[in-house]
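Have a look at the structure below before the remarks.
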Amino acid sequence: MSWAVETPAGLKKPRLMAVTELPGSQLVRGLAAFRELAGEKDWPPLVWSGEHGYHFCLDLDALEEWEQQWADVKFTQISRVITGVLAPHAKLFPKSRWVKCVVAQMNAVQSALDMIARPQIQ
């Protein structure tokens with residue numbers, strides 16, 4: 001099967017919502033499920049970019065850039081969970097084995113995401 005970089009039609013979220021008649025929350029869940037299906041079927045990755053909207057991507061540089069941006073977003077989210085929830089939890093319950101384990105694991109995830117998002121700095 002041959003894949004063009006711009007398939008499927010490079011639609012952006014508002015247009016996809018109109019075409020599918022789905023609310024944004026259902027569209028996002030549907031796109032996530034479609035990504036999983038694409039992986040199972042050995043289709044190219046479905047990614048989003050400001051220039052092309054949602055599209056199958058076969059470009060190595062574009063995929064790596066998308067993955068780095070994704071990792072940066074997740075890094076920020078994990079950082080905020082650590083500082084906004086886990087750190088206060090650990091201060092309230094310093095002897096909790098649970099919070100110590102969660103903090104250690106989330107710090108490891110945060111570190112890995114930072115290395116993915118910023119490989120040139122390491």
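Heavy atoms only: backbone and side chains are in, while hydrogens, waters and symmetry mates are out. Numbering starts at 1 and runs along the sequence shown.
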Please output the side-chain donor-acceptor pairs of residues 88-108 that fall under 3.5 Å, not counting sequence neighbours, one pair per line with the distance.
unit_1: S96; atom_1: OG; unit_2: W98; atom_2: N; d: 3.3
unit_1: S96; atom_1: OG; unit_2: V99; atom_2: N; d: 3.2
unit_1: N107; atom_1: ND2; unit_2: V103; atom_2: O; d: 3.2

To the nearest 0.5 Å, tell me how far [X] [atom1] sits from [Y] [atom2].
X   : Y    : atom1 : atom2 : value
C57 : W66  : SG    : CH2   : 10.5 Å
L86 : I78  : CG    : CD1   : 9.0 Å
Q77 : L113 : CD    : CG    : 9.5 Å
L31 : T20  : CG    : OG1   : 8.5 Å

Row check, F75 ring normal vs R118 NZ/CZ: under 6.0 Å, within 45°: yes

Beyond-backbone contact of [X] with [Y], side-chain heavy atoms, under 4.5 angstrom:
X    : Y    : result
I82  : Q110 : yes
P119 : Q68  : yes
L22  : M17  : no
Y54  : L27  : no

Audit row: V28, K13, side-chain contact (heavy atoms from CB on, under 4.5 Å) steps and yes/no: CA-CA 9 Å; V28 168; K13 189 175 177 180; 3.7 Å; yes

Residue pair E65 / Q69, side-chain donor-acceptor N/O under 3.5 Å: yes

Shortest non-hydrogen separation from P44 to A38 and the atoms involved: O-CB, 4.1 Å

Heavy-atom closest pair, residues D59 and A62: OD2-N, 2.6 Å

Aromatic ring pairing W43/F56, orientation class (parallel under 30°, perpendicular over 60°, tilted between): perpendicular

Intermediate values then yes/no, side-chain contact (heavy atoms from CB on, under 4.5 Å), T76 and R80: CA-CA 6 Å; T76 300; R80 289 178 177 159; 3.5 Å; yes

Cluster check W48, L37: I/L/V/M/F/W/Y, side chain < 4.5 angstrom: yes

